[in-house]
A.B. asks: 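Before I ask anything, here is the structure I am working with.
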Amino acid sequence: MKLLHIDSSILGPGSVSRRLSAAIVAQQQALHPGIEIVRRDLATHPVDHLTGLHLAAAQGAVPEAEALQRDIGAGATALDEFLAADVVVIGAPMYNFGIPSQLKAWIDRLAVAGRTFRYGENGVEGLAGGKTVIVASSRGGFYGAESQMAFLDHQETYLRGVFGFFGITDISFIRAEGVAMGEPQRQQAIDGAEAEIRKLAA
């Protein structure tokens, strides 16, 4: 069994999403002794954002620049890691109502026709089903479905949508909200999220 652990927060040790994603991975290790873990930190080792040169290479052009060749290779490795994983744990904070650009750049390397999805006579078909995706979500404010700010949630809605597009239906969110609204609320949010993580083992 293989687990892919992705972190994308730029806050380092002070990150709530990193704390929660690590707790999820530890819980998965306890549930599945011997699980193989691959970790990718997109803040310290980002995948470059796509450019026109990347798209040209995808259409058959031979990249001349060595840096571009290396980056295309890194993107292919990221895709292979994702496809090989049975469980994907993603630390995904909300930045300006969406996901970090580093996380978006990684997802852009996964969205490859013929690998994670394809278009057919009946529309799109996801090719990466059968995985479990668990997202450690942190938010400075409150953006849940019951909140007045729910319309600004382009973080969890995007992640649910894009992984669903890839054919993944087993996706869950461990959420800590209001972490920027004072220390008592931050701790309450973390405690609640960690309680939800423990329930994953039930």
A.B. asks: Is it true that Phe117 and Ile171 fall in one hydrophobic cluster, defined by side-chain heavy atoms closer than 4.5 Å?
C.D. replies: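 Result: yes, single cluster for both.
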A.B. asks: Looking at Glu194 and Arg19, does any basic side-chain N land under 4.0 Å from a carboxylate oxygen?
C.D. replies: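 Salt bridge: yes.
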A.B. asks: Between atom CG of Asp108 and atom CG of Leu79, what is the distance when rounded to the nearest 0.5 Å?
C.D. replies: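 So the gap between those two atoms works out to 12.0 Å.
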A.B. asks: Are Leu4 and Leu127 connected, step by step, through hydrophobic side chains (Ile, Leu, Val, Met, Phe, Trp, Tyr) whose heavy atoms are closer than 4.5 Å?
C.D. replies: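 In one cluster: no.
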A.B. asks: Decide side-chain contact (heavy atoms from CB on, under 4.5 Å) for Arg115 and Asp80; before the verdict, give the C-alpha distance in whole Å, the side-chain angles of both, and the deciding distance to 0.1 Å.
C.D. replies: CA-CA 10 Å; Arg115 302 293 303 280; Asp80 289 341; 3.2 Å; yes
A.B. asks: Measure across Ser17 and Ser138 and return the closest heavy-atom pair with its distance rounded to 0.1 Å.
C.D. replies: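 Looking at all heavy atoms of both residues, the closest pair is CB-OG, 3.6 Å.
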A.B. asks: Could you check whether the rings of Phe165 and Tyr119 sit parallel, tilted or perpendicular, using 30° and 60° as the cut-offs?
C.D. replies: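 The rings of Phe165 and Tyr119 stand perpendicular, inter-plane angle above 60°.
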A.B. asks: Using the side chain to side chain contact (heavy atoms under 4.5 Å, CB included) criterion, which residues pair with Val25? Sequence neighbours excluded.
C.D. replies: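 Scan of Val25 (side chain to side chain contact (heavy atoms under 4.5 Å, CB included), adjacent residues dropped) gives Leu3, His5, Gln29, Ile37, Val89.
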A.B. asks: Distance from Ser9 atom OG to Leu42 atom CG, nearest 0.5 Å?
C.D. replies: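 Going from OG on Ser9 over to CG on Leu42, the span is 11.0 Å.
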A.B. asks: What pairs with Gln28 under side-chain hydrogen bond (donor to acceptor under 3.5 Å, both in side chains), at least two apart in sequence or on another chain?
C.D. replies: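 Applying side-chain hydrogen bond (donor to acceptor under 3.5 Å, both in side chains) to Gln28 gives none.
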A.B. asks: Heavy atoms only: give me the nearest Glu177-Ala189 pair and the separation to one decimal.
C.D. replies: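 That would be O-CB, 3.2 Å.
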A.B. asks: Kindly write out the residues that satisfy salt bridge (charged side-chain N to carboxylate O under 4.0 Å, His left out) with Glu125, not counting sequence neighbours, or none if the list is empty.
C.D. replies: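 So Glu125 forms a salt bridge (charged side-chain N to carboxylate O under 4.0 Å, His left out) with Arg118.
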A.B. asks: Flag the pair Val87 / Met1 as yes when at least one side-chain heavy-atom distance between them is below 4.5 Å, and no otherwise.
C.D. replies: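 When only atoms from C-beta onward are counted, Met1 and Val87 do touch, with a gap below 4.5 Å.
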A.B. asks: Let me check something: do Ile168 and Val88 share a hydrophobic cluster, defined by ILVMFWY side-chain heavy atoms less than 4.5 Å apart, either directly or through other members?
C.D. replies: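 Yes: a chain of side-chain contacts under 4.5 Å links Ile168 to Val88.
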A.B. asks: Can you tell me how far apart OG (Ser172) and CD (Glu196) are? Round to the nearest 0.5 Å.
C.D. replies: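 Interatomic distance, Ser172 OG to Glu196 CD, rounded to 0.5 Å: 10.0 Å.
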A.B. asks: Just jot down the side chain to side chain contact (heavy atoms under 4.5 Å, CB included) partners of Ala128, sequence neighbours excluded, or say none.
C.D. replies: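 Ala128 satisfies side chain to side chain contact (heavy atoms under 4.5 Å, CB included) with Phe82, Leu83, Thr116, Lys131, Phe166 once adjacent residues are dropped.
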A.B. asks: Taking only residues two or more places apart in sequence or in another chain, which ones pass side-chain hydrogen bond (donor to acceptor under 3.5 Å, both in side chains) with Asp48?
C.D. replies: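 side-chain hydrogen bond (donor to acceptor under 3.5 Å, both in side chains) check on Asp48 returns nothing, list empty.
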A.B. asks: Working note: Val162 + Lys104, criterion side-chain contact (heavy atoms from CB on, under 4.5 Å); need CA distance, chi angles, decisive distance, verdict.
C.D. replies: CA-CA 10 Å; Val162 72; Lys104 177 61 165 61; over 6 Å; no
A.B. asks: Is Phe151 linked to Leu159 within one hydrophobic cluster, defined over Ile, Leu, Val, Met, Phe, Trp and Tyr using a side-chain heavy-atom separation of less than 4.5 Å?
C.D. replies: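 In one cluster: no.
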A.B. asks: Please evaluate residues Leu68 and His54 with respect to the criterion side-chain contact (heavy atoms from CB on, under 4.5 Å), reporting the C-alpha separation (whole Å), side-chain torsions for both, the decisive distance (0.1 Å), and the verdict.
C.D. replies: CA-CA 8 Å; Leu68 179 59; His54 288 88; 3.6 Å; yes
A.B. asks: Measuring from Ile134:CD1 to Ile174:CD1, what's the distance to the nearest 0.5 Å?
C.D. replies: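 That separation rounds to 7.0 Å.
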A.B. asks: Return yes if some donor-acceptor pair links the side-chain N/O of Arg18 with the main-chain N/O of Asp7 below 3.5 Å, else return no.
C.D. replies: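 Absent.
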A.B. asks: So, the side chain of Gln27 versus the backbone of Arg198: is there a donor-acceptor pair under 3.5 Å, distance only?
C.D. replies: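 A pair under 3.5 Å: no.
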A.B. asks: Please give me the minimum heavy-atom distance between Arg109 and Ile72, naming the atom from each residue.
C.D. replies: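 Shortest heavy-atom contact: NH1-CA, 4.4 Å.
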A.B. asks: Taking atom CE of Met94 and atom CD1 of Ile99, what is their separation to the nearest 0.5 Å?
C.D. replies: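 One gets 11.0 Å once the value is rounded to the nearest 0.5 Å.
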A.B. asks: Hey, any chance Val133 and Tyr158 share a hydrophobic cluster, counting ILVMFWY side chains that come within less than 4.5 Å of each other, even indirectly?
C.D. replies: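 Val133 and Tyr158: one cluster.
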A.B. asks: Which residues, ordered by chain and number, are linked to Phe142 in its hydrophobic cluster, where ILVMFWY side chains connect at heavy-atom gaps below 4.5 Å, directly or through other members?
C.D. replies: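 Members alongside Phe142: Met181.
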A.B. asks: State which residues pass salt bridge (charged side-chain N to carboxylate O under 4.0 Å, His left out) with Asp191; sequence neighbours excluded, sorted by chain then number.
C.D. replies: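 If we apply the salt bridge (charged side-chain N to carboxylate O under 4.0 Å, His left out) test to Asp191, skipping adjacent residues, there are no hits.
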A.B. asks: Just verifying a value: how many Å separate Ile24 CD1 and Ile90 CD1, rounded to the nearest 0.5 Å?
C.D. replies: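 Here the interatomic distance stands at 10.0 Å.
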A.B. asks: My understanding is that only residues two or more places apart in sequence, or in another chain, count here; which of them pass side chain to side chain contact (heavy atoms under 4.5 Å, CB included) with His49?
C.D. replies: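 Counting only residues at least two positions away or on another chain, His49 forms a side chain to side chain contact (heavy atoms under 4.5 Å, CB included) with Ser101, Ala105.
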A.B. asks: Taking only residues two or more places apart in sequence, or in another chain, which ones meet Ser137 in a side-chain hydrogen bond (donor to acceptor under 3.5 Å, both in side chains)?
C.D. replies: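 If we apply the side-chain hydrogen bond (donor to acceptor under 3.5 Å, both in side chains) test to Ser137, skipping adjacent residues, the hits are Gln155, Glu156.
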A.B. asks: Identify, with sequence neighbours excluded, every residue that meets side chain to side chain contact (heavy atoms under 4.5 Å, CB included) alongside Glu183.
C.D. replies: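 For Glu183 the side chain to side chain contact (heavy atoms under 4.5 Å, CB included) partners, ignoring immediate neighbours, are Arg186, Gln187.
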A.B. asks: Considering only Ile, Leu, Val, Met, Phe, Trp and Tyr, and joining two whenever side-chain heavy atoms are under 4.5 Å apart, list the other residues clustered with Tyr95.
C.D. replies: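 For the cluster that includes Tyr95, the remaining residues are Ile10, Leu11.
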A.B. asks: Using salt bridge (charged side-chain N to carboxylate O under 4.0 Å, His left out) as the criterion, list what pairs up with Arg160, not counting sequence neighbours.
C.D. replies: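 Residues passing salt bridge (charged side-chain N to carboxylate O under 4.0 Å, His left out) with Arg160: none at all.
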